[in-house]
Amino acid sequence: MPANWTTFRELLLAPNGRRGVESELRRAVRDGRLAPGTRLPSSRDLAAQLGVARGTVTSAYAQLIGEGYLSARRGSGTTVTAACTWPGAAAAEPEPAPRFRYDLKPGVPALSAFPRDEWLQAQKSALADLSNDDLGYPDPAGFGPLRRELADYLGRVRAVAARPSEVVVTNGAAEGISLLGRVLRAAGHRGVAVEEPSHFGAAEILTSHGLEVVPVPVDPDGLRVDLLSTTDCRAVLVTAAHQFPLGVVLHPSRRRALLEWARACDGLVVEDDYDAEHRYDRPALGAMQALDPTRVAYQGSTSKVLAPALRLGWLVLPPALRDVVVERKRLDDLGTGTLHQAAFARLLSTGGYDRHLRRTRQLYRARRDALLEALREVLPRWEPIGVAAGLHVVVRLPDGTDDVALQERLARRGVNAPALARYARTPTFPGLVLGYAALTPDRLREAVLELRAAA
Ligand SMILES: Cc1ncc(COP(=O)(O)O)c(C=O)c1O
């Protein structure tokens, strides 16, 4: 009998039938309630204690002996086997991170605006139209109808030069960066230039694949393309339409210079077009990819338009990279799930995606205006920078402000407002990166009062 238990009936929580006895015993061994070496009662005894048929216990013992949790030796009965304890089993689930009262972290759309009804409709009609063959392993490049819809949409909305055969569907932009990082590393690249400041998630992915990340500064005209030749890199990751996080646009002359640099060094530009559809004062500038599709790998995602939970993104690849990236993707995961892809293709083909964009653009514009107005009124010395686009603004704080300390003070008040320093290796000025898409105008005005209280 285990020391702390008077009866096995208490130890094994109301097991019901053979499966119940078996799974309760397995769980008790795994989480250490039944220590290694513990001798179990005979099947007759345990059956009597639990009020189940003896055969229920003998078959549960036999199953767990087969799995290695128990062992049985003639004369010494059935004991718990030492090798099968699992120390982490009893550990509690980690506590979820505390929720902020006002969460201004950038990069998250209004999740409450997710077009649930349209998505359900799209899922339903797409599934009804899928053939049995479509339910087999997917094409690792992506579901054909989605690649066709994306080629059409990207050409129409982002002026991308894309044929369906050059589109590769990924699990978010993150997978696109990961695939490209590994393909570049395998081709002999040692480093990738990134904007400074920039999205650390992308840098982390590249570093995890053995690439050095080389920061190149951004000024009001975007990436300092002239400095690329001072690095050893032949690849660069750039957010040309709306720099993350500063929100500036890559100047047309710099777009041209960037492509000249790529041609001169036989290099690659990765254009991360992460939130380009959200421009409020004028139509967004087209992607730079079409200026030289042989030198630019274009990448996009549904994360900022629909929801990050979908994990749906895409690459439009130069012909020289297409097959090697698709092969990498095949080896990773045999392709992205077809059901989500088919639903998204349907949302695109029925105009649901465009309608959602029109609705959310209005919503975000009103939220952005409310945030800027409140900042002007309440914190006039804080200077918003960047173009009227995206889902966040950067505010430049008065010189000498410690933005990281301010972020921490705000967090203690229940406000999540990341410091610009969190996105920079060598910060040039203090700032906060304020995502506004997820909060209503009223909540944004309240959040600004909190910002003032902590400033
Ligand atoms: C600039 C930028 N690129 C890429 C991503 C990743 O997007 P996805 O969710 O599609 O992996 C993000 C997400 O926050 C981002 O901010």
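Small disclaimer: the values here were computed from a predicted structure and weren't measured. Atoms within each ligand, like the ligands themselves, are counted from 1 in listed order. For this chain, numbers begin at 1 and follow the sequence in order.
- In summary, the atoms of ligand 1 found under 4.0 Å from a heavy atom of Gly172, numbered by their order in the structure, are 10 (O), 11 (O).
- Shortest contact from atom 6 (C) of ligand 1 to any protein heavy atom: Ala173 CB, 4.0 Å.
- Residue-level proximity to ligand 1 for Arg311 is carried by the side chain, the only part with a heavy atom below 4.0 angstrom.
- A side-chain contact (heavy atoms from CB on, under 4.5 Å) with Leu432 holds for exactly one of Val394, Leu104, Leu410, Thr401; it is Leu410.
- For Tyr353 and Phe344, the ring centers are positioned less than 6.0 Å apart.
- The distance from atom CZ of Arg27 to atom CZ of Arg33, rounded to the nearest 0.5 Å, is 7.0 Å.
- Taking CG of Asp275 as the start and OG of Ser303 as the end, the distance is 11.0 Å to the nearest 0.5 Å.
- Each of the atoms 8 (P), 10 (O) of ligand 1 lies under 4.0 Å from some heavy atom of Ser301.
- Of all protein heavy atoms, the one lying nearest to atom 5 (C) of ligand 1 is His199 CE1, 3.9 Å.
- Judged by a 6.0 Å distance limit and a 45° cone about the ring axis, Arg367 is not positioned over the six-membered ring of Tyr436.
- With ring centers used as reference points, His278 lies under 6.0 Å from Tyr364.
- Taking the six-membered ring for Trp and the full ring otherwise, His199 and Tyr274 have centroids separated by 6.0 Å or more.
- The Ser303 neighbourhood of ligand 1 comprises atoms 8 (P), 9 (O), 10 (O), with distances under 4.0 Å to a heavy atom of that residue.
- Listed by atom number, the atoms of ligand 1 under 4.0 Å from Asp272 heavy atoms are 1 (C), 2 (C), 3 (N), 4 (C).
- Proximity of Ala174 to ligand 1 is established by a heavy-atom distance of less than 4.0 Å.
- Close approach of ligand 1 to Lys304 is summarised as follows: ligand atoms under 4.0 Å from at least one heavy atom of the residue are 12 (C), 13 (C), 14 (O), 15 (C), 16 (O).
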